[in-house]
Amino acid sequence: MHAVTIAAWVRELESPAHSRLSPPPLPTRKRARPNSRESPHLRKTRRLVLAEMAANDYRKSVSSSHKNKHSGTFKTTEKKRIRTPSPQKRQFPADAYSPDEDSLDELDGPTPRPRNQHHTHPIPKLSYSESLAAIAVGFDGNDDTLQARSPLRSQSQSASSARSASPKKVTSLWDVGNGVIYTNLANTAASRRLQLGTVGLALLEALEDVCDGPVFAARLKAQLAEAGIERIRPHMLDQSDNRPMEELLCELRTVQTINALSHRCAENRDHESEWNNRVHTKVLELALGNNEVSVGFRSVTAARITSEFRPTHSPSLTTGKIVDYAMFLELSGPARDAILSLIGMSSESINHATYEGLRIRPIAVSIETKTESRTVEEAKVQLGVWVAAQVARIEALIQQVAVLKANKHGAEREARSETSRRGRQKSRGKGGKISQSQPTPTPTIDAVSPDPTDLLSQIVFPLLDVQSESWSLFFGRVSISPDTSSLHIRKPASHIQIFHSIALGNTANTAQTYRLVKSLKVLRAWIDGDFRKWWDRLLGVNGVEFKERSN
């Protein structure tokens with residue numbers, strides 16, 4: 001009999017509950033002869049000695065099995081001892097930046113533990129029935145092995161690990177910077193104006209007009225009917241689209257190609273990179289073009305957030321912080337010169353990410369793509385951390401511009417003072433006295449450094465979430481944070497709200513793909529208009545000074 005079973009059986013015999021609750025022994029044909037010379041106390045001592053001897057034999061067998069390196073038990077124990085720590089249990093400092101999940105999987109290896117060959121495992125205190133069940137599943141004497149193989153233990157552990165593996169990651173965005181909060185768009189126009197500001201509300205209304213407006217050029221009605229694409233209703237035809245017929249037909253063929261590739265990727269459950277290369281890039285090319293005179297896009301999957309602007313965040317936040325695409329603004333000549341004077345010829349960038357092609361091109365719209373196997377929550381976390389880093393970079397840039405303006409005003413004031421001093425010396429040279437009729441010039445007051453929150457709140461940061469074929473838009477906006485006690489240690493210092501969401505279209509059918517392309521063209525026009533004006537105000541080019549716009 002196994003030592004664990006013997007020990008459990010002895011404990012049950014010795015327990016007072018067993019003596020009170022156990023049924024009387026069944027009658028047998030042969031009676032045991034009572035030993036009159038042996039007292040009950042001696043019989044109890046004998047049982048204890050036998051149990052201890054069995055336990056000692058068990059310890060010796062376990063110790064010898066550990067010394068035998070070629071035994072199966074040793075291999076099993078070693079496999080149990082070498083474990084990879086769970087990602088959820090890793091601890092990061094509060095201001096640390098966590099790399100993405102793929103890099104964590106590559107860097108983290110198994111954590112070896114020291115092996116003690118002379119260690120003996122104590123006999124676990126199990127009941128008699130539990131010990132029989134443990135032996136039935138192959139218990140080898142290790143308490144950890146028993147817990148791992150026990151059916152009830154396995155079920156409870158799998159349930160708890162499932163709970164810990166899927167935390168509410170969006171709530172951890174509360175600890176990113178000074179807070180990143182996702183909020184639903186309001187229903188009324190007045191509330192939306194308060195949420196998005198004048199610029200953001202104008203962009204939202206323009207996108208809503210695309211969703212409710214015509215889809216196809218009226219001149220394509222015959223070609224659409226011939227192709228048998230779908231039912232065309234009168235309100236779907238755009239009578240004002242006067243582009244050349246060749247351009248319209250080329251667009252139609254590209255849309256059909258996008259639809260076919262989208263169906264193929266969905267049916268084959270292709271990876272995210274395949275969706276990007278075969279579908280999403282074609283959509284962006286069709287909407288934005290490739291001339292990049294004023295607006296363009298880049299694939300930024302290789303970009304990383306600059307360490308200086310990585311936002312402070314929760315230690316439990318371990319998801320990737322990068323996005324897939326970025327729509328950028330090509331600045332005018334004066335604005336480009338102003339940026340070059342700020343970042344110089346170093347490796348600094350006007351943006352928060354390390355990407356040489358966007359060094360002097362501000363990121364306007366960030367795009368995160370996912371497949372159906374990834375959740376929307378992951379995209380929200382990545383977009384939230386990404387826009388927080390972008391805001392931290394712009395905060396630093398605003399302060400840098402303010403310092404340059406202050407230095408410029410100081411130099412101008414010194415020049416005026418020098419001119420005034422020379423004028424006074426010239427007056428003394430003529431008559432020996434200062435002319436009382438000539439007023440003394442008053443020095444100008446230095447411009448007050450702009451509040452980053454006031455300036456940042458005048459713009460929105462569009463964030464695109466692409467889930468396979470579906471495209472949705474979020475609006476990120478900086479708002480004044482009620483908590484100002486930690487502004488000097490948090491990055492970014494501004495509080496960020498992300499309002500969701502508006503559907504732009506999808507690549508599953510022709511009509512929705514046309515709507516998606518038109519929505520992206522609206523974003524392109526907004527970047528070349530309101531976003532460009534905002535950057536000119538930020539940089540102070542062409543004599544345009546920032547003035548707070550009323551909501």
Side-chain angles (χ1 to χ4, degrees), residues 182 185 204 206-217 220 224 227-233 236 238 250-290 297-301 319-320 322-327 365-383 386 462-475 498 500-524:
Y182 276 85
L185 276 171
L204 173 62
L207 292 172
E208 289 178 338
D209 291 342
V210 171
C211 295
D212 300 332
V215 180
F216 307 105
L220 281 178
L224 293 171
I229 295 176
E230 55 188 85
R231 180 189 173 196
I232 307 300
R233 292 178 288 278
M236 300 174 66
D238 186 2
C250 181
E251 182 182 47
L252 175 59
R253 289 192 294 269
T254 305
V255 169
Q256 289 176 313
T257 302
I258 291 173
N259 293 152
L261 291 172
S262 180
H263 292 161
R264 192 206 71 181
C265 289
E267 291 174 359
N268 296 335
R269 301 178 64 86
D270 284 330
H271 192 265
E272 180 181 309
S273 59
E274 182 69 10
W275 277 94
N276 290 346
N277 296 331
R278 305 292 288 172
V279 180
H280 304 325
T281 299
K282 283 183 170 57
V283 172
L284 293 171
E285 286 179 345
L286 182 60
L288 306 179
N290 291 314
F297 76 94
R298 289 285 190 275
S299 173
V300 292
T301 54
T319 11
I322 59 176
V323 298
D324 293 89
Y325 294 95
M327 297 169 61
V365 179
S366 304
I367 306 173
E368 171 61 22
T369 66
K370 295 290 184 188
T371 58
E372 61 182 9
S373 62
R374 309 292 294 273
T375 64
V376 181
E377 302 301 307
E378 293 181 45
K380 287 183 177 180
V381 171
Q382 289 179 241
L383 289 172
W386 179 266
L463 307 169
L464 275 171
D465 172 33
V466 183
Q467 298 286 331
S468 296
E469 66 269 6
S470 300
W471 294 55
S472 301
L473 181 69
F474 300 89
F475 296 89
I498 301 178
H500 59 94
S501 63
I502 175 173
L504 301 185
N506 61 67
T507 57
N509 63 74
T510 306
Q512 288 299 320
T513 304
Y514 267 95
R515 291 189 190 278
L516 172 60
V517 172
K518 285 192 172 186
S519 298
L520 293 175
K521 288 181 178 180
V522 169
L523 281 174
R524 183 186 186 279

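Keep in mind it's a predicted model, so treat the numbers as computed, not measured.
Nearest heavy atom pair, residue Lys518 against residue Pro214, reads NZ-O, 3.2 Å. Among all heavy-atom pairs drawn from Lys380 and Tyr182, the shortest one is O-OH, 2.6 Å.
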Side-chain donor-acceptor pairs under 3.5 Å in residues 280-287, sequence neighbours left out?
unit_1, atom_1, unit_2, atom_2, d
Thr281, OG1, Asn276, O, 2.7
Thr281, OG1, Tyr325, OH, 2.7

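Not a single donor-acceptor pair under 3.5 Å links the side chain of Arg515 to the backbone N or O of Asn506. Using modelled atom types, no side-chain atom of His500 and backbone atom of Phe475 make a donor-acceptor pair closer than 3.5 Å.
Residues satisfying the side chain to side chain contact (heavy atoms under 4.5 Å, CB included) test with Asn268, not counting sequence neighbours, are Arg264, Asp270. Checked against side chain to side chain contact (heavy atoms under 4.5 Å, CB included), Gln467 has the following partners two or more places apart in sequence or in another chain: Lys370, Val376, Ala379, Asp465. Checked against salt bridge (Lys or Arg N to Asp or Glu O under 4.0 Å), Arg298 has the following partners two or more places apart in sequence or in another chain: Glu292. For Arg269, the side chain to side chain contact (heavy atoms under 4.5 Å, CB included) partners at least two apart in sequence or on another chain are Glu372. Under the side chain to side chain contact (heavy atoms under 4.5 Å, CB included) criterion, Ser519 pairs with Leu207, Val210, Leu504, sequence neighbours left out.
Between Ser501 and Ser472, the side chains place no donor N or O within less than 3.5 Å of an acceptor N or O (distance only, hydrogens not considered).
Among the candidates Thr510, Thr507, Thr254, the single residue satisfying the side-chain hydrogen bond (donor to acceptor under 3.5 Å, both in side chains) test with Asn259 is Thr510.
Taking a 6.0 Å sphere around CZ of Arg231, one finds it holds 12 or fewer heavy atoms contributed by other residues, nucleotides or ligands.
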